[in-house]
Amino acid sequence: MLINSPKNIALFNAILLALISGVILILISIYVESIDITIIMVIIAVIFISSFFLINFSISKFFHEKIDIIYKTIGEPQTTMKAEKKNKNSNDVLDLVNQVVLRWSEEKKQEINELKQMASYRREFLGNVSHELKTPVFNIQGYVDTLLEGGLEDKTINVKFLQKTQNSVNRMIALVEDLEEISKLESVNLELNVESFNLYELATEVIDFMEQKALLNKTKIIINPIASKSIKVLADIRRIRQVMINLIDNAIKYGKMDDPVVTISFYNFHDNYLIEIQDNGIGMPEENLVRVFERFYRTEESRSRDKGGMGLGLAIVKHIIEAHRQTISVRSNLGEGTTFSFTLKMA
Ligand SMILES: Nc1ncnc2c1ncn2[C@@H]1O[C@H](COP(=O)(O)OP(=O)(O)OP(=O)(O)O)[C@@H](O)[C@H]1O
Ligand SMILES: [Mg+2]
């Protein structure tokens with residue numbers, strides 16, 4: 001018998017008391033002959049039953065008072081233990097409490113780690129935002145100061161400096177818009193306007209929209225010729241347009257110097273379509289791939305080309321795809337090109 005619950009302790013002690021009192025009574029009966037053996041048996045039974053109930057009651061009360069304090073401290077109802085007891089079919093009260101407390105401490109440890117991670121994430125985010133804002137703000141300050149200090153009259157620089165100021169202002173506007181977008185995506189559950197539409201048509205529309213940028217970079221954007229012209233998906237068309245624009249924008253921006261080509265392909269993938277946007281551009285080293293979807297992350301290669309991105313586009317894209325309960329991934333080879341693939345539900 002395991003002494004691991006008030007009932008077992010009470011039983012053990014009641015047996016012990018009954019045995020001791022039985023021995024004493026038998027010894028007495030040897031000297032006092034008038035005591036009947038049935039009376040002795042009755043007395044032993046009474047001692048056994050009353051001590052069992054008394055010990056059980058007082059130990060249970062003591063245990064439950066203490067355990068109650070533990071449960072109140074960890075904020076779990078006593079019912080947790082009852083459920084656990086049923087579940088494990090165990091009578092070992094202390095062992096059950098121990099397990100609940102251990103689980104609670106594990107959960108707390110995890111929560112603390114998550115909070116720490118969030119705090120460092122927030123710090124990094126603020127640092128990034130101020131860093132990104134600093135460059136255009138200081139540029140604007142420099143141009144305006146020069147113009148006010150006589151540059152306005154100097155025909156060789158006045159228009160050029162105003163244009164540069166305009167570029168910096170545009171960059172700040174783009175940053176603020178992206179920040180607004182990303183905080184909206186992160187703070188509320190993104191509400192999707194899901195409908196059935198033809199992704200092939202959307203892709204041609206986006207190619208049209210990106211035409212100017214592609215021309216400037218001498219980039220050819222094509223849809224894989226083997227693709228069917230009817231790619232019916234269930235998704236939020238406005239958001240998917242945003243995804244396509246961001247991915248194609250990157251493919252152009254980080255494209256090859258000569259003969260850059262961006263290819264859009266669609267593949268059947270179980271109940272989904274797999275959409276790939278592939279470029280033959282500068283690519284990324286393997287170790288950067290896990291981080292490209294982080295806010296403000298840019299690879300050294302893109303920085304050295306001074307492409308002026310802020311590293312928010314892919315973070316936005318990932319949010320949108322995950323809000324559709326779909327996935328996005330990337331593969332890339334440095335100097336050879338990059339392919340972004342995401343899935344969408346077939347209509
Ligand atoms: N097609 C690509 N080829 C090579 N590198 C890429 C490609 N797409 C993204 N990257 C790398 O991933 C980084 C993050 O991309 P992301 O779209 O989030 O930011 P960005 O294009 O730099 O700026 P933004 O999109 O906010 O204007 C880029 O800075 C670049 O280093
Ligand atoms: Mg981008």
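Order of listing sets the numbers, starting from 1, for every ligand and every atom in it.
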Rounded to the nearest 0.5 Å, how far apart are CD of Gln166 and CD1 of Ile173? 9.0 Å

Ligand 1 versus Asp279: contacting region, heavy-atom distance under 4.0 Å: side chain

For residues 315-322, run the donor-acceptor check on the side chains, cut-off 3.5 Å, and write out each pair with its distance to 0.1 Å, sequence neighbours left out.
unit_1 : atom_1 : unit_2 : atom_2 : d
Lys318 : NZ     : Glu322 : OE2    : 3.0
His319 : NE2    : Glu186 : OE2    : 3.2

If you look at every heavy atom in Asp236 and Phe197, which pair is closest and at what distance? C-CE2, 4.3 Å

Passing option when Arg239 is tested against Glu181, Glu191, Glu195 for salt bridge (Lys or Arg N to Asp or Glu O under 4.0 Å): Glu181

Is the closest heavy-atom distance from Phe293 to ligand 1 below 4.0 Å? no

The reported gap from CZ in Phe48 to CD1 in Ile44 (rounded to nearest 0.5 angstrom) is 11.5 Å

Distance col, row Asn250:CG vs Thr338:OG1, nearest 0.5 angstrom, shows 9.0 Å

Inspect the surroundings of CG in Asp271 and state if more than 12 heavy atoms from other residues, nucleotides or ligands are less than 6.0 Å away. no

Nitrogen or oxygen of Leu314 less than 3.5 angstrom from that of ligand 1: yes

Do any side-chain atoms of residues 9-16 form donor-acceptor pairs under 3.5 angstrom with protein atoms, and if so which ones, sequence neighbours left out?
unit_1 : atom_1 : unit_2 : atom_2 : d
Asn13  : ND2    : Ile9   : O      : 2.8

Any nitrogen or oxygen of Gly313 lying under 3.5 Å from a nitrogen or oxygen in ligand 1? Just yes or no. yes

Does anything in residues 155-188 form a ring pair (Phe, Tyr, Trp, His ring centres under 6.0 Å)? List the pairs, not counting sequence neighbours. Tyr143-Phe161

Take the Mg ion (ligand 2) as the centre and count protein N, O or S atoms at distances under 2.8 Å. 1

For ligand 1, indicate whether the residue Thr299 contacts it via side chain, backbone, both or neither (heavy-atom separation under 4.0 Å). both

Is Gly311 close enough to touch ligand 1? Criterion: a residue heavy atom under 4.0 Å from a ligand atom. yes

Which bit of Met284 is near ligand 1, meaning a heavy atom under 4.0 Å away: side chain, backbone, both or neither? side chain

Within a distance under 4.0 Å of any heavy atom of Lys253, pick out the atoms of ligand 1 and give their elements. 20 (P), 21 (O), 23 (O), 27 (O)

Quick one: does Leu312 get an N or O within less than 3.5 Å of an N or O on ligand 1? yes

Would one find more than 12 heavy atoms of other residues, nucleotides or ligands at under 6.0 Å from atom NZ of Lys213? yes

